[in-house]
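The structure appears right after this line, and notes come after that.
Because the structure is a prediction, the values reported are computed rather than measured. We count residues from 1, following the sequence as given.
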Amino acid sequence: MKSAYDVIIRPIITEQSMEDLDIKKYAFEVAKDANKVEIAQAVEKVFGVKVIKVTTENVRGKSKRQGAYPQGKTASWKKAVVKLSADSKNIELFEGMV
């Protein structure tokens with residue numbers, strides 16, 4: 001059984017994710033094999049909030065290269081956007097970013 005810290009890898013800090021803080025949506029990189037129920041339970045346990053909706057997206061890796069020939073690929077990963085209830089508190093991790 002995975003712990004909550006194995007499910008949530010890191011927060012995603014982008015312009016779009018910072019605009020969604022007003023409507024209590026938070027974006028995280030999560031484990032590739034985690035489902036929506038596990039993600040919701042992990043966020044509720046770690047941050048002490050009430051989750052009402054989770055959307056997930058598999059982000060494919062892109063082809064990248066440095067120099068002429070050594071072409072590689074960035075890693076594929078899974079993104080989760082978590083919507084909190086209206087009466088839930090904000091996540092403090094994102095507070096200083098706005």
Side-chain angles (χ1 to χ4, degrees):
M1 181 160 167
K2 293 182 277 190
S3 73
Y5 296 99
D6 293 333
V7 174
I8 300 171
I9 297 173
R10 68 180 178 95
I12 297 174
I13 310 297
T14 61
E15 287 184 33
Q16 180 65 45
S17 66
M18 291 299 107
E19 289 177 5
D20 288 343
L21 294 180
D22 298 337
I23 55 175
K24 294 199 175 201
K25 280 188 177 181
Y26 298 92
F28 296 97
E29 180 182 344
V30 294
K32 288 183 82 166
D33 59 343
N35 60 27
K36 292 182 180 185
V37 175
E38 291 173 340
I39 295 168
Q41 290 173 349
V43 171
E44 287 178 352
K45 182 178 179 184
V46 171
F47 299 109
V49 294
K50 178 68 178 152
V51 175
I52 58 172
K53 185 176 181 179
V54 177
T55 56
T56 59
E57 174 186 358
N58 288 314
V59 180
R60 292 189 300 183
K62 300 177 184 177
S63 295
K64 296 284 184 178
R65 67 185 184 98
Q66 283 184 319
Y69 292 104
Q71 185 169 353
K73 198 168 187 177
T74 60
S76 299
W77 52 284
K78 189 171 191 176
K79 174 182 176 179
V81 178
V82 178
K83 173 93 170 125
L84 303 182
S85 64
D87 59 341
S88 182
K89 66 178 185 170
N90 293 331
I91 296 178
E92 296 86 18
L93 184 66
F94 292 89
E95 285 298 315
M97 300 293 174
V98 180

*What closest approach, in Å, do P70 and Q66 show between heavy atoms, and which atom pair accounts for it?*
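What the structure gives for the nearest pair is CG-O, 3.5 Å.
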*With sequence neighbours left out, write down each residue that passes side-chain contact (heavy atoms from CB on, under 4.5 Å) with Q16, or none if nothing qualifies.*
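Scan of Q16 (side-chain contact (heavy atoms from CB on, under 4.5 Å), adjacent residues dropped) gives T14, E19, D20.
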*asked:* If the condition is side-chain contact (heavy atoms from CB on, under 4.5 Å), which residues does K83 pass it with, not counting sequence neighbours?
replied: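 K83 satisfies side-chain contact (heavy atoms from CB on, under 4.5 Å) with I23, K25, I52, K53 once adjacent residues are dropped.
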*I91 versus L84: any side-chain heavy-atom pair under 4.5 Å?*
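Yes, their side chains come closer than 4.5 Å.
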*Any side-chain heavy-atom pair from F47 and I8 closer than 4.5 angstrom?*
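Yes - at least one pair of side-chain heavy atoms lies under 4.5 Å apart.
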Identify every side-chain donor-acceptor pair in residues 27-37 under 3.5 Å, counting partners at least two apart or on other chains, and give the distances.
residue, atom, partner, partner atom, Å
E29, OE1, R10, NE, 2.6
E29, OE1, R10, NH2, 3.3
D33, OD1, K2, NZ, 3.3
N35, OD1, V37, N, 3.3
N35, OD1, E38, N, 2.9

*Count the heavy atoms belonging to other residues, nucleotides or ligands that lie under 6.0 Å from CD of E15, then report whether that count exceeds 12.*
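No - once you tally the heavy atoms of other residues, nucleotides and ligands closer than 6.0 Å, there are 12 at most.
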*Excluding sequence neighbours, so at least two apart, what forms side-chain hydrogen bond (donor to acceptor under 3.5 Å, both in side chains) with S85?*
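Testing S85 for side-chain hydrogen bond (donor to acceptor under 3.5 Å, both in side chains), a comparison that skips the adjacent residues, returns D87.
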_Please check: side-chain N/O of S88 versus main-chain N/O of K50, any donor-acceptor pairing under 3.5 Å?_
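It does hold such a pair.
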*S76 side chain vs G61 backbone, donor-acceptor pair below 3.5 Å*: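 Yes.
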*asked:* If hydrophobic clusters are built by linking Ile, Leu, Val, Met, Phe, Trp and Tyr wherever their side-chain heavy atoms come under 4.5 Å apart, do I39 and I9 end up in the same one?
replied: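 No, separate clusters.
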*ILVMFWY cluster, V81 and V7 together (side-chain gap under 4.5 Å)*: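 Different clusters: V81 never reaches V7 through Ile, Leu, Val, Met, Phe, Trp or Tyr contacts under 4.5 Å.
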*Transitive ILVMFWY cluster of V59 at side-chain heavy atoms under 4.5 Å: who else is in it?*
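Joined to V59, directly or through intermediates: I12, W77.
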*Please identify each residue that fulfils salt bridge (Lys or Arg N to Asp or Glu O under 4.0 Å) with K89, with sequence neighbours left out.*
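With sequence neighbours excluded, K89 shows a salt bridge (Lys or Arg N to Asp or Glu O under 4.0 Å) to E92, given in chain and number order.
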*Got a second to check how far K64's NZ is from K73's NZ, nearest 0.5 Å?*
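Rounded to the nearest 0.5 Å, the NZ-NZ separation comes out at 12.5 Å.
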